Novice: 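To start, I am sharing the structure in question, which I have written as structure tokens.
Since this is a predicted model, take the numbers as computed values, not measurements.
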Amino acid sequence: MSKIIDAETTARVETKPRGKMIAYWTITLLLAAAVLLSGIGQLMQYGGNLELVTNLGYPSYVLTILGIWKVLGAIALVVPGFPRLKEWVHAGIFFLMTGAALSHAFANNYGDYGFHIILPLSYAALNIASWALRPKSRKL
């Protein structure tokens, strides 16, 4: 009877890290895709990005700078290895997204239903979740 209990306990222990790994990769890939697509949109100045940045009072070349860093950061999130680089990417995404939300709030540019505040804060929340779920191999 103890062997059956041990087998059940072992099965439960093995499924926890697998579920955590699936959650980590799902959130990380979603975050990387969102950051990559927004970076490409900024580089192409697509979808009203230029108008959005100029309404906040930033020069248009900021789009190029942010777009390049977002694309590089998204790539760094999914490339194997480089745990210190990934820590910097997570920090950069957090500061970028909270800074974007604050820029919109200070400029009274909330968008429809607060979209300009909610979207960057949701990216920041995905970023925190990805960082918190990272496997031991990605920790410093």
Side-chain angles (χ1 to χ4, degrees):
M1 186 164 163
S2 64
K3 289 183 182 179
I4 294 172
I5 293 172
D6 289 338
E8 290 175 8
T9 305
T10 304
R12 270 189 251 129
V13 170
E14 289 175 3
T15 57
K16 263 188 178 176
R18 186 170 185 213
K20 185 177 177 183
M21 186 64 75
I22 290 170
Y24 166 75
W25 278 110
T26 301
I27 291 171
T28 302
L29 289 174
L30 183 62
L31 174 67
V35 170
L36 178 69
L37 291 174
S38 68
I40 291 170
Q42 288 174 334
L43 285 171
M44 295 174 57
Q45 297 182 357
Y46 181 75
N49 277 303
L50 184 60
E51 180 184 329
L52 193 66
V53 168
T54 54
N55 286 344
L56 293 175
Y58 295 113
S60 61
Y61 64 81
V62 167
L63 286 174
T64 305
I65 296 168
L66 292 176
I68 289 170
W69 283 116
K70 282 182 175 183
V71 170
L72 292 174
I75 293 168
L77 280 178
V78 296
V79 170
F82 307 104
R84 187 171 312 276
L85 177 62
K86 290 179 192 323
E87 291 287 326
W88 280 93
V89 170
H90 282 295
I93 290 171
F94 180 80
F95 292 130
L96 176 68
M97 295 305 161
T98 55
L102 287 171
S103 290
H104 287 288
F106 291 148
N108 290 323
N109 183 11
Y110 298 103
D112 296 334
Y113 308 106
F115 183 73
H116 294 299
I117 307 293
I118 294 170
L119 185 64
L121 291 179
S122 65
Y123 284 7
L126 277 175
N127 184 48
I128 291 169
S130 173
W131 179 82
L133 290 169
R134 71 196 189 282
K136 288 182 181 181
S137 65
R138 296 197 174 206
K139 293 180 182 178
L140 295 177

Novice: Could you tell me whether the side chain of Asn127 and the main chain of Tyr123 form a donor-acceptor pair under 3.5 Å?
Specialist: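 Looks like no, no N/O pair under 3.5 Å.
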Novice: For the side-chain contact (heavy atoms from CB on, under 4.5 Å) test, which of Ile93, Leu85, Leu72 pairs with Leu77?
Specialist: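 Among Ile93, Leu85, Leu72, the one meeting side-chain contact (heavy atoms from CB on, under 4.5 Å) with Leu77 is Ile93.
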Novice: Please list, one pair per line, the donor and acceptor atoms closer than 3.5 Å that link side chains of residues 94-107 to other protein atoms, with sequence neighbours excluded.
Specialist:
from	atom 1	to	atom 2	distance (Å)
Thr98	OG1	Phe94	O	2.8
Thr98	OG1	Phe95	O	3.4
Ser103	OG	Tyr58	OH	2.8
Ser103	OG	Gly99	O	2.9

Novice: What residues join Trp88 in its hydrophobic cluster, counting side-chain heavy atom gaps under 4.5 Å, either direct or through other members?
Specialist: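 Via sub-4.5 Å side-chain contacts, Trp88 links to none.
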Novice: Tracing side-chain links under 4.5 Å among I, L, V, M, F, W and Y, which residues wind up in one group with Ile22?
Specialist: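 Ile22 clusters with nothing; isolated.
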Novice: Is there a path from Leu126 to Trp69 through hydrophobic residues (I, L, V, M, F, W, Y) whose side chains come within less than 4.5 Å of each other?
Specialist: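 Yes: a chain of side-chain contacts under 4.5 Å links Leu126 to Trp69.
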Novice: Report the residues that fulfil side-chain hydrogen bond (donor to acceptor under 3.5 Å, both in side chains) with Glu87, sequence neighbours left out, ordered by chain and then residue number.
Specialist: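 Expected list: Trp131, Arg134.
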Novice: Other members of the hydrophobic cluster containing Tyr110, with the 4.5 Å side-chain heavy-atom rule, please.
Specialist: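 The other cluster members (ILVMFWY side chains, heavy atoms under 4.5 Å, direct or chained) are Ile117, Leu121.
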Novice: Less than 4.5 Å apart, any side-chain heavy atom of Leu43 and any of Leu63?
Specialist: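 Side-chain contact under 4.5 Å: no.
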Novice: Can you list, pair by pair, the side-chain donor-acceptor contacts under 3.5 Å of residues 28-39, counting residues two or more places apart and other chains?
Specialist:
from	atom 1	to	atom 2	distance (Å)
Thr28	OG1	Tyr24	O	2.7
Thr28	OG1	Ser130	OG	2.7
Ser38	OG	Ala34	O	3.2
Ser38	OG	Val35	O	3.0
Ser38	OG	Lys70	NZ	3.2

Novice: Using a 3.5 Å distance criterion without hydrogens, assess whether the side chain of Asn55 forms a donor-acceptor pair with backbone atoms of Leu52.
Specialist: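 No; zero donor-acceptor contacts below 3.5 Å.
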Novice: Please give me the minimum heavy-atom distance between Gly73 and Val89, naming the atom from each residue.
Specialist: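 Gly73 and Val89 have their closest heavy atoms at O-CG1, 3.5 Å.
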Novice: How close do Ala76 and Lys86 get, counting heavy atoms only, and between which atoms?
Specialist: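 For Ala76 versus Lys86, the nearest heavy atoms are O-NZ, 2.6 Å.
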Novice: Report yes or no: do Val79 and Ile68 belong to one cluster of Ile/Leu/Val/Met/Phe/Trp/Tyr joined by side chain heavy-atom distances under 4.5 Å?
Specialist: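 Yes, same cluster.
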Novice: Drop me the distance from His90's NE2 to Ile128's CD1, to the nearest 0.5 angstrom.
Specialist: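 Between atom NE2 of His90 and atom CD1 of Ile128 there are 11.0 Å.
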Novice: Are any side-chain N or O atoms of Asn49 and backbone N or O atoms of Gly41, one a donor and one an acceptor, separated by less than 3.5 Å?
Specialist: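 Yes, because the side chain of Asn49 sits within donor-acceptor range (under 3.5 Å) of the backbone of Gly41.
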